[in-house]
Novice: 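Quick one: the structure is below, questions incoming.
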Amino acid sequence: MSDSERLTATPGGIKLAPLDAIIDGKARNFVLQMRAGRFHGFVVRKDDAVFGYVDRCPHMGLPLAQVLDEYLTPRGDLIACSWHSALFEIDSGACVGGPCGGTRLTPWPVAVVDGMIVTAG
């Protein structure tokens, strides 16, 4: 799939999964087929908060995880690009290590509504 067919945003109100579908301190990949193309994103859960990002490293444009849903460091405190070891803060997406200095992940607005993770686009 070409980059022109890979979307970087979604409309609001799309139900993704129950909050309990993501273990606290873990992440989950979501691929949404839209009319305009396919969207690849992931959601990280910290307690009852969720943080969503477009699944694309700002360093090389690759998806961050080489293994499905493996977006976090072993300690679970940072998002890690498995290709070039770039590290990002979970709550802001800011690069804090590796070859991505001064950049950040593209946010994907998500929220928890009535126990369900939804897009907040």
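Note that the numbering runs from 1 along the sequence shown for the chain.
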Novice: Which pairs, with at least one residue in residues 99-108 and sequence neighbours excluded, count as a side chain to side chain donor-acceptor pair (under 3.5 Å)?
Specialist: Thr10-Trp108

Novice: In terms of hydrophobic clustering (I, L, V, M, F, W, Y; side-chain heavy atoms under 4.5 Å; direct or indirect links), are Leu7 and Val43 co-clustered?
Specialist: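 Yes; Val43 is reachable from Leu7 via cluster members.
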
Novice: Which atom pair, heavy atoms only, marks the closest approach of Leu64 to Asp55?
Specialist: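 Looking at all heavy atoms of both residues, the shortest contact is N-OD1, 2.8 Å.
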
Novice: Closest heavy-atom contact between Pro58 and Leu105?
Specialist: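 Minimum heavy-atom separation between Pro58 and Leu105: CD-CD2, 3.7 Å.
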
Novice: Would you indicate whether the side-chain heavy atoms of Ile22 and Asp69 approach each other to under 4.5 Å?
Specialist: no

Novice: Run through the side-chain heavy atoms of Ile, Leu, Val, Met, Phe, Trp and Tyr, join any pair under 4.5 Å, and report what else lands in Trp83's cluster.
Specialist: Met60, Leu62

Novice: For the atom pair CE (Met116) and CG (Asp20), what is the distance rounded to the nearest 0.5 Å?
Specialist: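 If we round to the nearest 0.5 Å, Met116:CE and Asp20:CG are 10.0 Å apart.
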
Novice: What pair of heavy atoms forms the shortest contact from Val110 to Gly52, and how long is it?
Specialist: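 Smallest interatomic distance, heavy atoms only, reads CG2-N, 3.6 Å.
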
Novice: With sequence neighbours excluded, what pairs up with Asp77 under the salt bridge (charged side-chain N to carboxylate O under 4.0 Å, His left out) test?
Specialist: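 Here the qualifying residues are Arg75.
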
Novice: With rounding to the nearest 0.5 Å, note down the distance linking CZ in Phe39 to CE in Met34.
Specialist: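 Reported value, rounded in 0.5 Å steps: 8.5 Å.
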
Novice: Using a 3.5 Å cut-off and no angle test, enumerate the donor-acceptor pairs between side-chain atoms of residues 23-30 and protein atoms at least two apart in sequence or in another chain.
Specialist:
unit_1: Asp24; atom_1: OD1; unit_2: Asp47; atom_2: N; d: 2.5
unit_1: Asn29; atom_1: ND2; unit_2: Tyr71; atom_2: OH; d: 2.9

Novice: Using every non-hydrogen atom in the two residues, find where Phe42 and Val54 come nearest and quote the distance to one decimal.
Specialist: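 Scanning both residues, the minimum pair turns out to be CE2-O, 3.9 Å.
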
Novice: Check whether Ile117 and Phe51 end up in the same hydrophobic cluster, where Ile, Leu, Val, Met, Phe, Trp and Tyr are linked by side-chain heavy atoms less than 4.5 Å apart.
Specialist: no

Novice: Counting C-beta onward and ignoring hydrogens, is there a side-chain heavy-atom pair between Val118 and Ile14 closer than 4.5 Å?
Specialist: no

Novice: Take atom NZ of Lys15 as the centre, draw a 6.0 Å sphere, and report whether it contains more than 12 heavy atoms from other residues, nucleotides or ligands.
Specialist: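 For Lys15, atom NZ is not crowded (no more than 12 foreign heavy atoms under 6.0 Å).
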
Novice: Anything under 3.5 Å between a donor and an acceptor, one on a side chain of residues 84-100, the other on a protein residue two or more places apart or in another chain? List them.
Specialist:
unit_1: Glu89; atom_1: OE1; unit_2: Ser92; atom_2: OG; d: 2.6
unit_1: Ser92; atom_1: OG; unit_2: Ala94; atom_2: N; d: 3.2

Novice: For Pro11 versus Thr119, what's the shortest heavy-atom pair and its separation?
Specialist: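 Minimum heavy-atom separation between Pro11 and Thr119: O-OG1, 2.7 Å.
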
Novice: What residues, two or more places apart in sequence or in another chain, satisfy salt bridge (charged side-chain N to carboxylate O under 4.0 Å, His left out) together with Asp48?
Specialist: Arg45

